[in-house]
Number of protein chains: 2
Amino acid sequence: MSHAAIIDLRPMRAQRAVSDSCEIQSLRADQHDIVFYEGDAAGRYFKLIDGAMMLFRLLPDGRRQIVELLGPGDYFGLTLADEYQCTAEVLRPSRIAAYDRSACGEAGHFQQMLSEYLVGRHAAMHGHMVLLGRKSAMERIATFLAGLAGNVEEGEARIRLSMTRQEIADYLGLTIETVSRSFSDLRRRGVIAMERQDLILIADMSAITALTGDE
Amino acid sequence: MSHAAIIDLRPMRAQRAVSDSCEIQSLRADQHDIVFYEGDAAGRYFKLIDGAMMLFRLLPDGRRQIVELLGPGDYFGLTLADEYQCTAEVLRPSRIAAYDRSACGEAGHFQQMLSEYLVGRHAAMHGHMVLLGRKSAMERIATFLAGLAGNVEEGEARIRLSMTRQEIADYLGLTIETVSRSFSDLRRRGVIAMERQDLILIADMSAITALTGDE
DNA sequence: CGCACCTTTGATGCTAATCAATAAGGGTGG
DNA sequence: CCACCCTTATTGATTAGCATCAAAGGTGCG
């Protein structure tokens, strides 16, 4: 929770990119870098080109809820308010494109792309609200793993977690201990194997699917 | 959970509205009417002109999570998929505008409005995820009431609930009993008074605010 | 090698869910 | 208008699941 949180976004190239009407900068960022904090003035928005990030919000007493996980192609920092309403933190080495908010408002086909993107995220967030509001700890873990495994339906899948147990807990609305216990439980049952703390082999994908609470 | 669910959307006028490029129909609907079910073919999307609605999703075993509450001006049924991903139910007598999905895709300024709308909802959904993932039962109830009270900061506020206890529970990720107990608790403490089951007088707005867990 | 951080495991407690019964509304028809 | 019924809400007793508190075990890095 208490990262050094040094803002250390290194430009990939100094000059503006002319390829896109309102791209102003391309950046590289490492794990634990903060792109913006909740409350920062919201002058730009971003696209994650490559890597992984998370968006989270904090309650005054320090409780954290990760509200979105982002992968390549995802936008973030989109807000109509003057300030960002969440904090954006890098989970693993990433490339990020920054856009000027004011310059992009009018760009036509960009609007189109944007709303399509937002509609998609909308649905994903509905799914996550079901998880947070109605699923048991094990169902949350299984849903999380199934999501990371992507389209793999059956058999094995290998997953790289770029999140700590604490981050997973804050994403799933659980505690670190419950996350750990759930993993251990799955391991004992032979459903998964942990090749490393952050490298999970799903031995039985259909077992995971069956545990999600969906379908 | 098991409503008669008769789809009974009565057109307000038979012919198309020409005022808007892609509005195809204006409808009236009553409490418990279903505008669309999860899984229905998604040919249209909608705008709630007046009234109140909810969007919810069901898990196969019947657990329900209300993912959005809608008021006048809100859009719903926006999806890129072929099917709606949630069910839309009317909470109180409402007027609804229906739009043809395909016809609207290109309409320029509509895109703009749409993405602005979506960005706003995005933020609201983040807030609700914090509630579902990290807040106690009492904090959820207080946040819910504070939200309904709108901009009233201090003193009294009068709130009309157009939701049953079960619906409130499904929105807040709680059970009906916990919702009821929380209300009773607030009543005993003199923070609220129930003028009717669905009519709440918030006697002490600052007490509610203090209980939300925010700020 | 040793330190710092993260994870796992264990013991206990608490919150909210579940199970169960009573009470209160709200409509309807006599 | 009132009695009755059905739905919804409240309250109580108990339980279950997850959080919390505490300590030991891993892992990676300087």
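Throughout, protein chains are lettered first and strands after them, A, B, ... in sequence-line order, and every chain is numbered starting at 1.
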Expressed as a whole number of angstroms, how long is the span from A:Phe183:CZ to C:dT9:P?
13 Å

Mark yes or no for whether B:Ser180, through its side chain, and B:Ile176, through its backbone, hold a donor-acceptor pair below 3.5 Å.
no

Provide, to the nearest angstrom, the distance between the CD atom belonging to B:Gln31 and the P atom belonging to D:dT7.
15 Å

With respect to the phosphate group of C:dG25, does any side-chain polar atom (N or O) of B:Arg165 fall under 4.0 Å of OP1 or OP2?
no

Could you tell me whether the side chain of B:Glu177 has a donor or acceptor atom within less than 3.5 Å of a complementary atom in the base of C:dC19?
yes

What's the CD1-C1' distance between A:Ile176 and D:dA22, to the nearest Å?
14 Å

Does A:Thr175 make a side-chain N or O approach to OP1 or OP2 of D:dA19 shorter than 4.0 Å?
yes

Between the main-chain N or O of B:Gly77 and the side-chain N or O of B:Arg44, is there a donor-acceptor pair closer than 3.5 Å?
no

Please state how far atom CZ in A:Arg188 lies from atom P in C:dG10, giving the value in whole angstrom units.
7 Å

Here's one to test your reading of the geometry: is the NZ or CZ of B:Arg64 within 45 degrees of the ring axis of B:Phe56 and under 6.0 Å from its centre?
yes

According to a strict under-4.0 Å criterion, is A:Arg63 in side-chain N/O contact with OP1 or OP2 of D:dA19?
no

Are B:Lys135 and B:Asp214 close enough for a salt bridge, meaning some N to O gap below 4.0 Å?
yes

Classify the nucleic acid contact of B:Ser180 as base, sugar-phosphate or nothing, counting any heavy atom under 4.0 Å across all strands shown.
base

Kindly indicate whether the side chain of A:Gln166 and the base of C:dC5 share any N or O donor-acceptor pair separated by less than 3.5 Å?
no

Output the single nucleotide from D:dC18, C:dG26, C:dT7 whose closest atom is nearest the side chain of A:Thr164.
C:dT7

Does any donor-acceptor pair link the side chain of B:Arg181 with the base of D:dG12 at a separation under 3.5 Å?
yes

So does B:Ser184 get a side-chain nitrogen or oxygen closer than 4.0 Å to the phosphate oxygens (OP1/OP2) of D:dT10?
no

Given B:Tyr84, which of B:Phe36, B:Tyr45, B:Tyr37, B:Phe76 fulfils the ring-ring contact (aromatic ring centres under 6.0 Å, His included) condition?
B:Phe36

From C-beta outward on B:Gln197, which listed nucleotide comes closest to its side chain: D:dA19, D:dT10, D:dA9?
D:dA9

Can you tell me if B:Arg134 touches the phosphate of D:dC18, counting only side-chain N or O atoms and a distance under 4.0 Å to OP1 or OP2?
no

Check every strand shown and say whether B:Arg140 touches a base, only sugar-phosphate, or nothing at a heavy-atom separation below 4.0 Å.
nothing

Integer-rounded Å distance: D:dC18 C1' and A:Leu172 CG
14 Å

Atom CG of A:Leu161 to atom P of C:dT7: distance rounded to whole Å?
10 Å

Rounded to whole angstrom units, what separation is found between the CG atom of A:Asp185 and the P atom of C:dT8?
13 Å

Whole angstrom is fine here: how far is it from CG in B:Leu199 over to C1' in D:dA9?
16 Å

